[in-house]
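Residue numbering restarts at 1 for every chain, and letters A, B, ... go by the order of the sequence lines. Note that the structure is a prediction, hence the values are computed from the model and not measured.
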There are 2 protein chains.
Amino acid sequence: MVMHTDYDVRWEGKIIGTVDRKKQVLEAASRSFALFGYKATTMEQVAKIANVGKGTIYTFFDTKEQLFDEILHEVISEMKNIIQREVDHNKPFFDNLFRVLDSLLEFRSEHELLMKLSQEVRDVGTPQSQEAMNQVESVILAYIEKEIRHAMMQKELRDCDPGIVSFLMFKMYVALTSEWNKNHEPLTKEQIKEHIRLFLEDGLAVHAS
Amino acid sequence: MVMHTDYDVRWEGKIIGTVDRKKQVLEAASRSFALFGYKATTMEQVAKIANVGKGTIYTFFDTKEQLFDEILHEVISEMKNIIQREVDHNKPFFDNLFRVLDSLLEFRSEHELLMKLSQEVRDVGTPQSQEAMNQVESVILAYIEKEIRHAMMQKELRDCDPGIVSFLMFKMYVALTSEWNKNHEPLTKEQIKEHIRLFLEDGLAVHAS
DNA sequence: GCATGACCATAAATCAAAATCAGTCATAAG
DNA sequence: CTTATGACTGATTTTGATTTATGGTCATGC
C-alpha cells in the first residue's frame, strides 16, 4: 500500500507548489533531535516546527522511537556513503583512513546530532541516545575492522587482532577529537592526523636502522 | 602540640596491648570507601567499624572530606612508590613502562578503591570521587610525561609532544584494561602488553626493509 | 478520505514532609 | 585534668503524594 504524502498547494485556484508532509516531519524532527536531544524533543514541538498536526506524525511513524530510528539510520547511512566514496582499495590503508576521517569531520549535520546525543548520554543517560551511540560506534568499528582485515591481507599491516586494533584506533580517535578538549585547547586536524600516524604508522620507538 | 592516639589495653591490671585509634579510623574508612564509595560511606558507619565514637573521628580529621583526602593521598603516595621502585633509568623506556604497569595491576587494595570511585563517577557523579579520579589521573600523566621527556632526551623515543603522547598512552591503557570489558571478555595481561607494544614500540604499518 | 487537535493514560517534574547525615558539644569515663 | 562519646542540631537528601507534561488515540470536520 502506497501512502499519499504529497499535496498541492493552491493560491487563487492555481497550483503553486506541493508539500511533502513526511519530509517536513523528518526535517523538523532532525533539527529538533540535533538541537535538544532525544528526551527534550516533544512530538508536539516537532508537529509545530513541521507545520503539521500532531496526529499527522503518527500516520507516518508509529512511535517517537521509530521516528528517531529512521533519522538515526539516515545519518548512519550517510556516514556509510561517505566511507564508501572515500575508500579506494588501490590506495594505501593510511591514505584511505585519513581521507575518511577528514570527510567525517566535515559533516556538520551528522556531527551536531551525534555530539548532542553523546552529551545526553553523559548528562541524563537516556536509553535511546545510549543505544543510538552504540549503534553508531559499532558501524564505525565494523568499517575499521573490515579495512584492517583487507590491509592485513595485502601485507600493508602487521598481523594483529582486528577486533582489538579497530577498538583501539577508535578510542584513540575519540580521545584526540573530544576527550582532550575537556582539559586542553582543541587540537588541529593536522595534529590529530600526525599523532594517529605516529602511533599507527611509525611507532614511537626509535628503531635501530 | 602532639596528640595522644595510643592507649594501653589492660586485662586484670596487666597491659596486654595498645590501640591506635587514628590508625583504626583510617583502616575502617579505607575499607568503607573502597567498598561503598565516598557518598555511601557514613561517618557513623566508619565509627562503628573502627570501634570508636563518632566524635573521636573528629579529633583526628576536621571533615569527612579531609579523612577521604588523607586516604587518597596515601593511595597516590603508594602508587608513586611503586613507580619509583620499578623505574630504572639504566633500562629501556619500554621495559620500565611494562614493569610499572605490571606492578600497578597487582595492587588490589589501590585498585578496589579506584574502581569503586570511577564507578561512582559514572553512576552518581559525586564531586569528591570525580575530583579524586582527576588527581590520580594527573599523577599518572605527570609520571608518563616525565619518562617520555627522559626517553626522548636519550633518543629512545622519537621527537613528539609529551603532553599529547602521555595522554594517548593513558587512554589506550584505560581502553584496554577497562573499556574493552564492557562488551567483551577481559584481555589477559599479556594481550594488553602485546597491543601496547604493537602501537607504541613497533607501529602497525609494515615498513619497507 | 485524510488531517487535526481535544482527549486519555501514563510518565515525568514538583514540592512538602520525613529521614538521614555531617559535624558539635555537654557529659561521662578514666 | 584530659579525652572519648553518643545524643543533638541544622542542613541536605530521600520519599511519595500531587500536579504537570507528553506520547499516543480517535471522533470530528474540512
Nearest-Å distance, [atom1] ([X]) to [atom2] ([N])?
X     : N      : atom1 : atom2 : result
A/K48 : D/dA21 : NZ    : C1'   : 13 Å
A/Q45 : D/dG24 : CD    : P     : 15 Å
A/I57 : C/dG5  : CD1   : P     : 11 Å

Could you check if a side-chain atom of [X] sits within less than 4.5 angstrom of a side-chain atom of [Y], using non-hydrogen atoms only?
X      : Y      : result
B/Y143 : B/K80  : no
A/L157 : A/V165 : no
B/E137 : B/F170 : yes

- [ ] Applying side chain to side chain contact (heavy atoms under 4.5 Å, CB included), run through A/E65 and A/E131 and close with a yes or a no.
- [x] CA-CA 11 Å; A/E65 218 166 323; A/E131 173 57 24; over 6 Å; no
| Do A/R149 and A/E145 meet the salt-bridge criterion of a basic N to acidic O distance under 4.0 Å? | yes
Counting primed atoms, P, OP1 and OP2 as sugar-phosphate and everything else as base, the B/S/- map of nucleotides 20-26 of chain C against protein heavy atoms under 4.0 Å is -SBBB--
Between the NZ atom in B/K54 and the OG1 atom in B/T56, the distance rounded to the nearest 0.5 Å is 11.5 Å
Residues in residues 116-129 of chain A with a heavy atom under 4.0 Å of DNA chain C, by number, are none
* Does A/K64 make a cation-pi contact with A/Y38, if we ask for NZ or CZ under 6.0 Å from the ring centre and within 45° of the axis? -> yes
Sorted by chain and number, sequence neighbours left out, side chain to side chain donor-acceptor pair (under 3.5 Å) with B/E147 holds for B/H89
